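As structure tokens, the structure follows; a few thoughts come after it.
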Amino acid sequence: MRRNIINILSRLDLNSAPSKTDMELLIQKIDFKIDDDYIEFIKNHNGASGDLSESNYILLWEAKDVVQLNPYYEGVEESDKLLFIGSDGGNLGYAVDKESSEFVEIDFLEIAHSKPTKVADSFEGLLKYLGNDSVDNGF
């Protein structure tokens, strides 16, 4: 993983690596192009949680949770187009758009009524966005 990502992740409580089975199930679930840095993060840390800034808490789900919780809402078109990877611990979900591979956020309670908002082109960009980092988020 790139040094920038490692530095940002150092602010979080990191999990240990997932089981081989959980990682294999996640890889099978991902049927689209996804940022390699996210895959490497999951392989090494299997999720994380904590404050990336004063106003942004992040809960990056474990591999088994990503598999079990997707699609987040069965039969909701918007949910089918996204792979949710975490939340803010409340109503805001973070996901990867399966068509564009962009990282997006959307309110779980509004998912059938609103479009997701693009926040980054990469996993690193998502972390920077949530960390209120002044560095460009990749778009």
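None of the values given here were measured: they were computed from a predicted structure.
- Listed here is the closest heavy atom pair of Ala120 and Gly125: CB-C, 3.3 Å.
- Atom CG of Asp36 sits in a sparse spot, with 12 or fewer heavy atoms from other residues, nucleotides or ligands closer than 6.0 Å.
- Atoms CD and CG, on Glu62 and Asn15 in that order, are 5.0 Å from each other to the nearest 0.5 Å.
- Nearest heavy-atom pair, Asp88 versus Gly90, reported as atom, atom and distance to 0.1 Å: OD1-N, 2.7 Å.
- Under a cut-off of 6.0 angstrom, the local environment of NZ in Lys81 is crowded, with over 12 non-hydrogen atoms contributed by other residues, nucleotides or ligands.
- When all heavy atoms of Tyr38 and Phe103 are compared, the closest pair comes out as CB-CZ, 4.5 Å.
- Closest heavy-atom contact between Gly47 and Ile42: N-CD1, 3.9 Å.
- Between His45 atom NE2 and Glu40 atom CD the span is 8.5 Å, to the nearest 0.5 Å.
- Annotation: side chain of Phe41 is not in contact with side chain of Ile85 (no heavy-atom distance under 4.5 Å).
- No chain of hydrophobic side-chain contacts below 4.5 Å, direct or via other Ile, Leu, Val, Met, Phe, Trp or Tyr residues, connects Leu69 to Leu109.
- Taking 4.5 Å as the limit, some side-chain heavy atom of Asp97 sits within range of a side-chain heavy atom of Leu82.
- Here the shortest heavy-atom pairing between Leu26 and Ala63 reads CD2-CB, 3.9 Å.
- Listed by chain and residue number, Lys115 satisfy the salt bridge (charged side-chain N to carboxylate O under 4.0 Å, His left out) test with Glu78 (two or more places apart in sequence, or in another chain).
- Distance CG/Leu127 to OH/Tyr94: 11.0 Å, rounded to 0.5 Å.
- Between the side chain of Asn70 and the backbone N or O of Phe84 there is at least one donor-acceptor pair closer than 3.5 Å.
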- prompt: Run the side-chain contact (heavy atoms from CB on, under 4.5 Å) check on Ile30 and Leu83 step by step: do they pass?
  reply: CA-CA 8 Å; Ile30 299 172; Leu83 180 78; 3.9 Å; yes

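- Side-chain contact between Leu25 and Lys29 is absent, with no heavy-atom pair separated by less than 4.5 Å.
- To the nearest 0.5 Å, atoms CD1 (Ile106) and CG (Asn91) are separated by 12.0 Å.
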message: One pair to check against side-chain contact (heavy atoms from CB on, under 4.5 Å): Ile27 and Ile39. What are the steps and the verdict?
response: CA-CA 9 Å; Ile27 296 300; Ile39 296 298; 4.1 Å; yes

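- To the nearest 0.5 Å, the span separating CG on Asp35 from CD on Glu102 amounts to 12.0 Å.
- The line from OH of Tyr57 to CG of Leu92 is 13.5 Å long, rounded to the nearest 0.5 Å.
- Here the side chain of Ser79 pairs no donor or acceptor atom with the backbone of Pro71 at under 3.5 angstrom.
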- prompt: side-chain contact (heavy atoms from CB on, under 4.5 Å) between Val96 and Val104: does it pass, once the steps are laid out?
  reply: CA-CA 6 Å; Val96 181; Val104 299; over 6 Å; no

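- When the shell of 6.0 Å around NZ of Lys43 is examined, it contains 12 or fewer heavy atoms from other residues, nucleotides or ligands.
- The minimum heavy-atom distance between Ser87 and Trp61, with the atom names listed, is N-NE1, 4.0 Å.
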